[in-house]
Amino acid sequence: MDPDTLLPDLVDWVRCKYYNLFYNRKTGERRACPAARKGNAAYALRQSFKRAKLAKLLKKHTVSFETPSGIFSRLFFMTLTIDHKSMSRDEANRYITSKGKGISRFFARLEKCIDGGYSKVIVKESTSSGYPAVHVLLHLDRPMKVRWHRKSGSYRPDPSDPYTASVLGKLKDLHDWNSKSPLWKVGFVDIYGFTNDRMDMKGYANPINYISKYISKSLDLDGIPGIESCKRVSDLPKEHHTKVWTILNNLVWNSQTWILSKSFKEDLKKLEEGRPNLPSPWVWAGIVHISNPALYRWMGWNPESFLPGTIPTSGV
């Protein structure tokens, strides 16, 4: 089935509301909280918490240093895109999944090109055409030289340094920057560098905020004209294609929202170590749909006193 025709199913998915039920063992209180599902506000809130933690981690790392020969950076941002002539949209989206193995193969090749280890954060976004755009944030053990690129208003790898040139030459054809990447093979790689004083990217305070701009926001159906009546994503106003395709493709292809390397996961755990880990009296008791009378009974209400498909906000 063509995912372009799944827009009505996506609308139903986002509109469909489930609630997690919780019970307080000490007080006997009962609560119902919206369940997080890709595309809804609860899910977006969870992603924004992770985004904030990752942004905090970046502030703790030394990103760059300056030498007489220039600036060297450890932090780089890459976007991997796929040439439409190489494969269809569906083939491209499958290629970046764990089954397609496109991303894992890319990093297997990259590891042979760089000295030392690295940490990575990956977020899978979609373009307005529905093809994937894989955003990668790399923190390298061995830094590469960067220089200011006036046209793009950003730092880029500087091939005047032999090691930087050897790595960059694998990521991009230095003689034809518009050709396919020798390392990615199926499309193109764009790469940026960062410094301690310059962490912003395309209007965002840091690259973590940029790569999570769609996954940390809910799909506001009321803000997309015609989404209830359109049968295809391609029928929507073009300015909404990217955010709709991003959520739809993540659902269709069961893609992970974030992919974190082991070192980033360990750093996130360390970030939590300073906080007291107190046992919670709240226990999870199940999940129910908004139309299930069990939800109302759980909260001590009479289901028959409410209109079908509605739920009071008090206590929820």
Side-chain angles (χ1 to χ4, degrees), residues 47-80 106-107 110-111 113-123 125 133-172 174 177 181 183 189-216 258-275:
Q47 306 318 310
S48 67
F49 289 154
K50 182 170 284 189
R51 177 192 64 191
K53 291 178 183 178
L54 287 169
K56 189 174 181 180
L57 278 182
L58 287 186
K59 292 179 181 179
K60 291 178 175 289
H61 285 285
T62 300
V63 171
S64 66
F65 57 89
E66 193 164 357
T67 71
S69 61
I71 301 174
F72 287 79
S73 176
R74 299 183 186 277
L75 187 65
F76 290 86
F77 171 86
M78 295 189 298
T79 295
L80 315 178
F106 169 76
F107 279 101
L110 179 65
E111 287 172 7
C113 304
I114 61 175
D115 293 341
Y118 62 90
S119 303
K120 68 178 182 290
V121 177
I122 301 175
V123 173
E125 188 183 293
V134 182
H135 297 315
V136 182
L137 196 61
L138 280 179
H139 190 272
L140 303 173
D141 286 352
R142 179 174 177 177
M144 294 195 297
K145 189 178 182 183
V146 296
R147 66 183 177 189
W148 183 252
H149 188 256
R150 192 179 304 170
K151 186 175 180 179
S152 67
S154 61
Y155 281 98
R156 301 282 186 152
D158 183 355
S160 67
D161 170 66
Y163 173 68
T164 303
S166 68
V167 177
L168 184 61
K170 298 293 193 305
L171 293 171
K172 299 181 76 71
L174 299 182
W177 285 64
S181 164
L183 209 62
V189 174
D190 200 9
I191 182 167
Y192 298 82
F194 300 93
T195 66
N196 296 326
D197 300 325
R198 189 85 186 206
M199 290 288 287
D200 59 301
M201 183 175 187
K202 297 184 179 181
Y204 291 81
N206 63 61
I208 287 292
N209 289 352
Y210 174 75
I211 64 178
S212 62
K213 60 183 180 294
Y214 289 114
I215 63 174
S216 59
W258 300 87
I259 301 175
L260 305 181
S261 61
K262 183 179 178 181
S263 53
F264 261 114
K265 290 179 181 178
E266 290 173 348
D267 286 346
L268 282 177
K269 288 181 180 179
K270 291 177 182 178
L271 205 60
E272 300 292 331
E273 287 177 358
R275 299 180 182 179

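For reference, positions follow the sequence shown, starting with 1. Values below: every heavy atom of this structure, side chains too, minus hydrogens, waters and symmetry copies.
- With sequence neighbours excluded, the residues that form a side-chain hydrogen bond (donor to acceptor under 3.5 Å, both in side chains) with E111 are Y118.
- Cation-pi check for R142 over Y163 is met; the charged atom lies under 6.0 angstrom from the ring centroid and within 45 degrees of its normal.
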Verdict with reasoning, L138 to F107, per side-chain contact (heavy atoms from CB on, under 4.5 Å): CA-CA 11 Å; L138 280 179; F107 279 101; 4.0 Å; yes
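- Among all heavy-atom pairs drawn from V146 and G193, the shortest one is CG1-CA, 4.4 Å.
- We find the CD1-NE2 distance between I208 and H135 to be 11.5 Å, quoted to the nearest 0.5 Å.
- The two residues I211 and V123 have their closest heavy-atom pair at O-CG1, 3.3 Å.
- In this structure, the side chains of L140 and V167 stay at 4.5 Å or more apart for every pair of heavy atoms.
- Taking all atoms of both residues into account, the shortest heavy-atom contact from I191 to R156 is O-NH1, 3.0 Å.
- A donor-acceptor pair is defined here as one N or O able to donate and one able to accept, closer than 3.5 Å; such a pair exists between the side chain of T164 and the backbone of K145.
- Not one N or O on the side chain of K170 forms a donor-acceptor pair closer than 3.5 Å with the backbone of L110.
- S263 contributes atom OG, which lies 10.0 Å from atom NZ of K265 (distance to the nearest 0.5 angstrom).
- At distances below 3.5 Å, at least one donor-acceptor pair connects side-chain atoms of S261 with backbone N or O atoms of K120.
- Side-chain contact annotation: D158 with S160, donor-acceptor N/O pair under 3.5 Å present.
- What you find for A165 and P159 is that their closest heavy atoms are CB-O, 3.3 Å.
- In this structure the side chain of L171 reaches within 4.5 angstrom of the side chain of F106, judged on heavy atoms.
- Taking both residues in full, the closest heavy atoms of L58 and V63 are given as O-CG2, 4.4 Å, listed atom of the first, atom of the second, then distance.
- For K213, the salt bridge (Lys or Arg N to Asp or Glu O under 4.0 Å) partners two or more places apart in sequence, or in a different chain, are E125.
- When all heavy atoms are compared, the tightest approach of M78 to V189 is SD-CG1, 4.1 Å.
- L54 CG to N209 CG: the interatomic distance, rounded to the nearest 0.5 Å, is 10.0 Å.
- The closest donor-acceptor contact from the side chain of Y192 to the backbone of M201 lies at 3.5 Å or more, if one exists at all.
- If you take CG on D200 and OG on S154, they are separated by 9.5 Å, rounding to the nearest 0.5 Å.
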Considering only distance and modelled atom types, tabulate donor-acceptor pairs under 3.5 Å from the side chains of residues 69-77, sequence neighbours left out.
residue	atom	partner	partner atom	Å
S69	OG	T67	OG1	3.0
S73	OG	L75	N	3.1
S73	OG	L75	O	3.2
S73	OG	F194	O	2.5
R74	NH1	D141	O	2.1

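- For the residue pair S64 / T195, no side-chain donor-acceptor distance below 3.5 Å is found, with atom types taken as modelled.
- How far CG of N196 is from CD of E66: 10.5 Å, rounded to the nearest 0.5 Å.
- Note that CG of L137 is 12.5 Å distant from OH of Y210, once rounded to the nearest 0.5 Å.
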